[in-house]
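Since this is a predicted model, take the numbers as computed values, not measurements.
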Amino acid sequence: MRGLLLAALCALLWGSAASEEGRKSGYLFMSPQTQAMQDDEATGPAALWLLEGEALFDRGCARCHTAAGMKGVAARYPALHKGALLNLEQRINACRVEQQKAPALAYESRELLALASFIGRQSRGLPIAVAPVEPHLEAGRATFHRRQGQLNLSCAQCHDQRWGRKLAGSTIPQGHPTGYPLYRLEWQAVGSLQRRLRNCLTGMRAESYPFGARELVELELYLMMRASGMPLETPAVRP
C-alpha cells in the first residue's frame, strides 16, 4: 500500500514516464534473448556475483542479520542513516565500519557489488518504496531536469521526452533503476547505478561526479521515487 501511495504521489508531481500507468521497465525494451538471460535466475550472468555475495554475507553480516531479514531492504534505499542520505552500497559500508569494525569496501569493487546484489536479490519482485526525503529529493529532481555538458542535455530530455526512440541503434528506456546492481552486456560485469549515471554524464560531455558524491545519491533517490511501486529486478540484465 505504501508503495502504491508513493507511486501515485510521483505521478501527480512529475507525470510523463513517472506516471504509474505509463511506466515501463528497461526489461521491456530488450530483445527476447537478453530477457531470457535475466529470466534465468539460476545460471544468469550475475550468478557468480550472487554466490560471492552470499559467502560474504555469511562471513560478516550473518552475525547480526539473516538473508530473510533483508527482504524489502533494497526497495527502501537511498534512505537516511544518522542524518545522512545513503544508498544501499554506502549503508553496507556503514554497517561494516560501525558494527563489524571492518574497513569500507571500495566503490565498484567486486565485493561491494556482490554484497549489494545478494541483498538486493532478497527484495526481487517487491515494490520500490523509498521515503521522499527532503531537501534531497528536490535536489535529485533538479539534477534530472537540468541541462548539462557540451551537448546541453538533461536526463529528462531522453528518458521522459524521447523514450522508445532510437539512439545509436538502441532503444531509449525510461530510465527506471529497477534492477541495480545489474549485469550490463556492455560492461561484461555487474555494475552499480552510479556507474551508469556517470556513463550518462560522460555521454552528455558533462563533468561527472565521483562515486559516492551527494549529487549522485540524491539523483538515485529521485529516480527510485520516480519508480515507486515498480518491482525490483535485482540483479537485472541490460544490453
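The CZ atom of Arg205 sits 6.0 Å away from the CD atom of Gln150 when rounded to the nearest 0.5 Å. Rounding to the nearest 0.5 Å places CG of Leu113 at 13.0 Å from OH of Tyr183. The distance from the NE2 atom of His136 to the CG atom of Leu219 is 14.0 Å, given to the nearest 0.5 Å. To the nearest 0.5 Å, the span separating SG on Cys61 from CD1 on Ile92 amounts to 7.0 Å. Note that the OH atom of Tyr107 and the CD atom of Glu89 stand 8.5 Å from one another [nearest 0.5 Å].
In this structure, Arg146 places its CZ atom where more than 12 heavy-atom neighbours from other residues, nucleotides or ligands lie under 6.0 Å away. When the shell of 6.0 Å around CD of Glu134 is examined, it contains more than 12 heavy atoms from other residues, nucleotides or ligands.
Lys166 and Thr171 share a donor-acceptor pair across their side chains, judged by distance under 3.5 Å alone.
The aromatic rings of Phe144 and Tyr222 are tilted relative to each other, their planes meeting at an angle between 30° and 60°.
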> Going through the distances and angles, do Asn87 and Gln194 end up as a side-chain contact (heavy atoms from CB on, under 4.5 Å)?
Replying inline: CA-CA 10 Å; Asn87 64 15; Gln194 290 205 1; 3.3 Å; yes
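Judged as a side chain to side chain donor-acceptor pair (under 3.5 Å), the pairs with a partner in residues 229-239 (not counting sequence neighbours) are, in order, Ser25-Glu233, Ser25-Arg238, Gln38-Glu233, Gln38-Arg238, Thr178-Glu233, Glu233-Arg238. Applying the side chain to side chain donor-acceptor pair (under 3.5 Å) test to every pair with at least one member in residues 44-67, sequence neighbours left out, gives these pairs: Glu52-Arg110.
Each of Leu223, Ile128, Leu197 was scored for a side-chain contact (heavy atoms from CB on, under 4.5 Å) with Pro177, with one residue passing: Leu223.
When all heavy atoms of Arg23 and Gln174 are compared, the pair lying nearest together is CA-OE1, 3.1 Å.
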